[in-house]
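Order of the sequence lines sets the chain letters (A, B, ...), proteins ahead of strands, with each chain counted from 1.
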2 protein chains.
Amino acid sequence: MDDVFKALADASRRSLLDRLHARNGQTLNELCDGIAMTRQAVTKHLVILEQANLVTTLRHGREKLHYLNPVPIHQIGERWIRKFERGKLTALSELKKQLEKRDE
Amino acid sequence: MDDVFKALADASRRSLLDRLHARNGQTLNELCDGIAMTRQAVTKHLVILEQANLVTTLRHGREKLHYLNPVPIHQIGERWIRKFERGKLTALSELKKQLEKRDE
DNA sequence: TTGACATGCAACCATTTGGTTGCCTATTAT
DNA sequence: ATAATAGGCAACCAAATGGTTGCATGTCAA
C-alpha cells in the first residue's frame, strides 16, 4: 500500500500511467517519446511502478511491453479514499459545533 | 493536486489523517501522543498537510486545533481514481488480445 | 508576576530521490 | 556477419525529505 502511494506521489510517474491508460502495452522507447527525460530516468520510474504492482511487463523479443494494472489504484479508492468521504458533508458543521463546545 | 499526492505519500502523515478522522479537532500535543517522533517532526508533517489543504487549523488561545478537510481526498477519488477504474475488468483480456496481435 | 505549558523558528544532519552519463548485452534486420 | 535497435547496469550527483536539537515566544494559571 505504501509503495503505491509513494509511486503515485511523482507527477512523471502519474503521467506514465496516464499514457498507458491511453494506450496499453507500450515499449520503453515508446514511453520515452516526447518526454524531457533520458530513457534511463524513465526506466527508473517504470521500475518503481512495477514494484508497486501498478505496471506489469512482458518481454516480446527485444521489446518490453508495459501494461497498466489498475487493481492497486482501485484498492486505494476502496480502502482509503472512501473512508474519508463518509462525513464529508457534515465536516463544516461539526467543526462549528466543536468550536462552540470549546468556548462554553 | 500534486501537493495532495505528495502529502499522502508518507505513512506518518496518512496516520495523522487517520487520527483526525477518528477524532477531529486535536491539538498538536494530542497528535504527538503515542508517536515515536518529536513534536517538531509532527509539526512539519502537519504543515505539509495544511499546504495540501488536507488539514485546516484554528487558533484557540495558546492551542492550535487541527481539523481534517476531506475535500482534496474526495477530489483525487473523483478526478483520478475513477478514471482508472473503468476498464479494470477488461484489462486482462485486452492484454491477451494485444499479445496475440503482436504475434501475428 | 512568575512558572508552566503549547507552539514556533532555525540550524543542522543522514538518507532518499530523481536525474545524469557511460558502457554493456541481447535481438533483429540487411 | 555486422550494424542498428531495444533495453540493462552501475557510478555518480544535486536537491529534497524526514528527522533531530536548542532556543524563543505567546498564553494561561497559581
Side-chain angles (χ1 to χ4, degrees), chain A residues 1-20 23-52 54-67 98-99 101-104, chain B residues 1-20 23-52 54-67 98-99 101-104:
Chain A
M1 203 77 173
D2 192 58
D3 284 348
V4 181
F5 273 111
K6 285 242 164 63
L8 293 179
D10 185 90
S12 306
R13 287 193 288 270
R14 290 198 303 278
S15 145
L16 283 171
L17 292 179
D18 271 336
R19 296 180 68 166
L20 286 179
R23 187 161 65 84
N24 212 7
Q26 296 187 60
T27 67
L28 172 58
N29 272 322
E30 282 170 338
L31 288 170
C32 289
D33 246 30
I35 282 191
M37 212 187 297
T38 58
R39 176 174 54 85
Q40 286 77 1
V42 175
T43 300
K44 284 194 181 183
H45 284 304
L46 288 172
V47 166
I48 290 171
L49 291 170
E50 284 176 56
Q51 283 171 347
L54 284 158
V55 162
T56 304
T57 63
L58 270 171
R59 293 312 293 261
H60 189 261
R62 68 181 159 180
E63 292 182 328
K64 189 176 187 181
L65 308 195
H66 297 79
Y67 292 90
Q98 296 207 14
L99 270 181
K101 250 186 220 167
R102 295 231 171 207
D103 280 328
E104 279 168 15
Chain B
M1 202 76 173
D2 191 59
D3 284 347
V4 181
F5 274 110
K6 284 242 163 64
L8 293 179
D10 186 89
S12 307
R13 287 193 288 269
R14 290 199 302 277
S15 145
L16 284 171
L17 292 179
D18 271 335
R19 298 180 67 166
L20 285 180
R23 188 162 65 83
N24 213 5
Q26 295 188 62
T27 67
L28 172 57
N29 272 324
E30 282 170 338
L31 288 170
C32 289
D33 246 31
I35 282 193
M37 213 188 295
T38 59
R39 176 176 51 85
Q40 287 74 2
V42 175
T43 300
K44 284 196 181 182
H45 284 305
L46 288 172
V47 166
I48 290 171
L49 290 170
E50 284 177 54
Q51 283 172 347
L54 283 159
V55 162
T56 303
T57 63
L58 270 171
R59 293 311 293 258
H60 189 260
R62 66 180 159 181
E63 293 180 329
K64 188 176 188 181
L65 309 195
H66 297 80
Y67 292 90
Q98 296 206 15
L99 270 182
K101 249 188 220 167
R102 294 231 173 210
D103 280 327
E104 279 168 14

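Remark: B:R39 pairs with B:L28, B:N29, B:C32, B:T43 by the side-chain contact (heavy atoms from CB on, under 4.5 Å) rule, at least two apart or across chains. B:K64 is linked by a side-chain contact (heavy atoms from CB on, under 4.5 Å) to B:E50, B:T57, B:R59, B:H66, counting only residues two or more places apart in sequence or in another chain.
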Can you pull every protein N or O that's under 3.5 Å from an N or O on nucleotides 19-21 of chain C?
from   : atom 1 : to    : atom 2 : distance (Å)
C:dG19 : OP2    : A:H45 : NE2    : 2.2
C:dG19 : N7     : A:K44 : NZ     : 3.0
C:dG19 : O6     : A:K44 : NZ     : 2.2
C:dT20 : OP2    : A:T38 : N      : 2.9
C:dT20 : OP2    : A:T38 : OG1    : 2.4

Pull out every protein N or O sitting under 3.5 Å from an N or O of nucleotides 25-30 of chain C, one pair per line with the distance.
from   : atom 1 : to    : atom 2 : distance (Å)
C:dT27 : O2     : A:R62 : NH1    : 3.0

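Taking CG from B:L17 and CG from B:L49, the interatomic distance works out to 5.0 Å, rounded to the nearest 0.5 Å. B:R19 CZ to B:D33 CG: the interatomic distance, rounded to the nearest 0.5 Å, is 6.5 Å. Note that CZ of A:R23 and CG of A:L31 are 8.0 Å apart. Values are rounded to the nearest 0.5 Å. Atom CG of A:L46 and atom CG of A:L54 lie 11.0 Å apart (nearest 0.5 Å). Between the OH atom of B:Y67 and the OG1 atom of B:T56 there is a distance of 10.0 Å, given to the nearest 0.5 Å.
Nearest-nucleotide positions on DNA chain C place B:H66 closer to the 5' end than the other of A:A9 and B:H66.
Regarding B:F5, its CZ atom lies at a distance of 19 Å from the C1' atom of D:dT17, rounded to whole Å. For the pair B:D3 CG and D:dT17 C1', the computed distance is 15 Å after rounding to whole Å. Rounded to an integer number of Å, the gap from B:L49 CG to D:dT17 C1' is 14 Å. The CZ-C1' distance, from B:R13 to D:dA16, rounds to 12 Å in whole Å. Spacing between atom NZ of A:K6 and atom P of C:dG18 amounts to 10 Å, rounded to whole angstrom units. When rounded to the nearest whole Å, the span between CD1 of A:I35 and P of C:dG18 equals 15 Å. Distance A:I48 CD1 to D:dG8 P: 15 Å, rounded to the nearest Å. Across the protein-nucleic acid pair, A:L46 atom CG and D:dC9 atom C1' stand 16 Å apart, rounded to whole Å.
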Please tabulate, for side-chain N and O atoms in residues 6-14 of chain B, each donor-acceptor pair with protein atoms closer than 3.5 Å (sequence neighbours left out).
from  : atom 1 : to    : atom 2 : distance (Å)
B:K6  : NZ     : B:D2  : OD2    : 3.1
B:D10 : OD2    : B:S12 : N      : 2.9
B:D10 : OD2    : B:S12 : OG     : 3.3
B:D10 : OD2    : B:R13 : N      : 3.2
B:R13 : NE     : B:A7  : O      : 2.9
B:R13 : NH1    : B:H45 : ND1    : 3.1
B:R13 : NH2    : B:K6  : O      : 3.2
B:R14 : NH1    : B:L8  : O      : 2.7
B:R14 : NH1    : B:A9  : O      : 3.4
B:R14 : NH2    : A:D2  : OD1    : 2.8

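At D:dG7, one or more side-chain N or O atoms of A:N29 fall inside 4.0 Å of OP1 or OP2 (strictly under the cut-off).
Taking both residues in full, the closest heavy atoms of A:Q26 and A:E30 are given as CA-OE1, 3.2 Å, listed atom of the first, atom of the second, then distance.
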